[in-house]
Amino acid sequence: MLSTVLLIVLGMVMVALLLNLWRLFRGPSTPDRILALDTLYLNAIALIVLFGLWKDAALYFEAALLIALLGFVSTVALCKYLLRGDIIE
Amino acid sequence: MNLNELPLWLEILLSALLLLGGLFVLIGAIGLVRLPDFFTRLHAPTKASTLGLGAILLGSMVLVSVSHDGVSLHELLITLFLFITAPVSAHMMCRAALHQRLKIAPGTRNGEYQGLTLARQQERDSSRLP
């Protein structure tokens with residue numbers, strides 16, 4: 001049962017990633033695109049964790065942690081650039 | 001990991017957690033596509049997707065702890081970090097959107113305060129500059 005559920009949830013997360021991509025390409029304003037990128041990395045973490053469960057490999061959790069750290073930093077850097085016109089003043 | 005040797009109640013609990021997480025992630029993405037303006041769109045991923053991701057990570061933590069001997073705390077680290085950083089990044093995005101004077105959807109309550117918030121923010125920013 002659990003492997004079927006894992007496959008279903010993987011499919012759900014993939015659909016979510018496609019919807020995020022649509023917003024990333026469509027997004028009328030720059031903050032919309034930043035929001036789509038932010039959601040994209042959150043959903044990528046979900047996808048990687050689920051894939052790690054499916055493959056039973058512990059290495060994927062380190063990758064998810066790295067993506068979480070770098071995604072947060074990149075979101076803050078992009079917002080800072082929009083707000084101040086510069087990232088490190 | 002042999003997925004078929006878990007007790008039934010544990011399997012049901014894990015399936016419920018994973019399905020709930022996937023459902024909330026999907027709801028967040030649908031909200032990102034469907035909602036009318038940026039400030040409403042900000043709610044969907046930063047709340048629903050974070051909750052969904054928390055449920056998925058919790059399910060993953062329980063599954064790895066049960067199937068391997070010993071408690072697995074990697075996921076707890078990711079969950080903690082995400083729950084700290086999600087409001088911060090949402091706040092930064094909202095400030096950037098206010099700075100860009102994005103349109104708000106008609107019918108937004110207290111929408112007339114957008115200009116006031118912007119003015120106060122600019123005042124604070126200019127007082128911080130040398």
Side-chain angles (χ1 to χ4, degrees), chain A residues 1-6 8-13 15-20 22-24 26-32 34-36 38-40 42-43 45-47 49-50 52-56 58 60-62 64-65 67-69 71-84 89, chain B residues 1 3-4 6 8 10-12 14-16 18-19 21-23 25-30 32-34 38 41-42 44-46 49-50 52-53 56-57 59-60 63-64 67-68 72 74-75 77-78 81-82 84-86 88-97 99-100 102-103 121 125 129:
Chain A
M1 182 170 83
L2 207 51
S3 44
T4 320
V5 168
L6 264 180
I8 293 172
V9 178
L10 271 170
M12 280 173 163
V13 175
V15 173
L17 279 168
L18 284 180
L19 292 174
N20 292 337
W22 188 82
R23 176 53 72 193
L24 181 64
R26 173 86 199 288
S29 64
T30 321
D32 273 308
I34 300 177
L35 180 60
D38 190 72
T39 320
L40 210 60
L42 282 180
N43 293 0
I45 293 171
L47 195 69
V49 167
L50 289 170
L53 282 186
W54 200 43
K55 283 285 187 190
D56 189 24
Y60 290 97
F61 296 119
E62 272 78 14
L65 194 57
I67 287 183
L69 287 164
F72 172 65
V73 171
S74 60
T75 306
V76 169
L78 282 169
C79 292
K80 198 79 185 160
Y81 176 67
L82 278 192
L83 272 171
R84 312 286 292 191
E89 297 170 44
Chain B
M1 169 172 45
L3 288 176
N4 297 319
L6 296 174
L8 183 65
L10 198 61
E11 219 168 335
I12 290 174
L14 285 172
S15 304
L18 289 179
L19 275 177
L23 204 64
V25 165
L26 193 58
I27 287 173
I30 291 173
L32 185 68
V33 169
R34 293 273 304 168
F38 176 77
R41 276 201 285 269
L42 190 59
T46 52
S49 289
T50 312
L53 203 51
I56 287 180
L57 287 168
S60 153
L63 180 54
V64 174
S67 59
H68 301 129
S72 158
H74 289 89
E75 294 88 346
L77 204 61
I78 303 175
F81 183 75
L82 281 178
I84 292 171
T85 57
V88 178
S89 54
H91 181 73
M92 291 293 286
M93 280 186 276
C94 196
R95 281 190 57 157
H99 186 73
Q100 298 231 323
L102 293 188
K103 270 191 211 137
Q121 182 181 318
D125 283 352
L129 280 179

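To find a chain, count down the sequence lines: A is the first, B the second, and so on, and within it residues start at 1. Keep in mind that the numbers below use all heavy atoms, side chains included, and drop hydrogens, waters and symmetry copies.
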### Query
Tell me, side chain or backbone of A:D32 under 4.5 Å from chain B's heavy atoms, or both, or neither?
both
### Message
Between A:L50 and chain B, with a heavy-atom cut-off of 4.5 Å, which part of the residue counts as in contact: side chain, backbone, both or neither?
### Response
side chain
### Task
Mind ranking A:L10, A:L18, A:V9 by heavy-atom pairs under 4.5 Å with chain B and telling me who comes out on top?
A:V9
#### Entry: Region of A:F61 that comes under 4.5 Å of a non-hydrogen atom in chain B
both
### Task
Check A:P31 against B:A97 and note the closest heavy-atom contact, atom names and distance.
CG-CA, 3.9 Å
### Task
Measure the spacing between CG of B:L53 and OG1 of A:T39 and express it to the nearest 0.5 Å.
11.0 Å
### Task
Answer yes or no: are there more than 12 heavy-atom neighbours, outside A:Y81 itself, under 6.0 Å from its atom OH?
no
### Which atoms of B:F81 approach chain A - backbone, side chain, both or neither, heavy atom under 4.5 Å
side chain
### Query
Taking every heavy-atom pair that is under 4.5 Å apart, which of A:V76, A:L42, A:I45 has the most such pairs with chain B?
A:L42
### Summary
From the list B:L14, B:L82, B:V33, B:L77, the residue making the most non-hydrogen contacts under 4.5 Å with chain A is B:V33
#### Entry: Atom pair CD1/CG of A:I8 and B:L23 - distance to nearest 0.5 Å
11.5 Å
#### Entry: Straight-line distance of A:L35 CG to B:M93 CE, nearest 0.5 Å
5.0 Å
### Gap separating the CD1 atom of B:I78 from the CD atom of A:E62, nearest 0.5 angstrom
8.5 Å
### Query
Which heavy atom of B:A96 sits nearest a heavy atom of A:C79, and at what distance?
CB-O, 4.3 Å
## Note on the structure
For B:R41 and A:R23, the nearest pair of non-hydrogen atoms, with its separation, is NH1-NH2, 3.3 Å
### Summary
Interatomic distance, CG@A:D38 vs OG1@B:T46, rounded to 0.5 Å, equals 8.5 Å
### Query
Are any of the side-chain heavy atoms of B:L63 and A:L2 separated by less than 4.5 Å?
yes
### Query
For chain A, which of B:P45, B:G52, B:G28 has the most heavy-atom pairs under 4.5 Å?
B:P45
### Query
Do you know the tightest heavy-atom contact between A:L82 and B:Q100?
CD2-NE2, 3.5 Å
### Top contributor to chain A interface from B:V25, B:L32, B:L26 [non-hydrogen pairs under 4.5 Å]
B:L32
#### Entry: Residue A:V49 versus chain B: region with a heavy atom under 4.5 Å
side chain
### Query
Looking at CG of A:L65 and CD of B:E75, how far apart are the two atoms once the value is rounded to the nearest 0.5 Å?
10.5 Å
### Side chain / backbone / both / neither for B:I27 at chain A, heavy atoms under 4.5 Å
neither
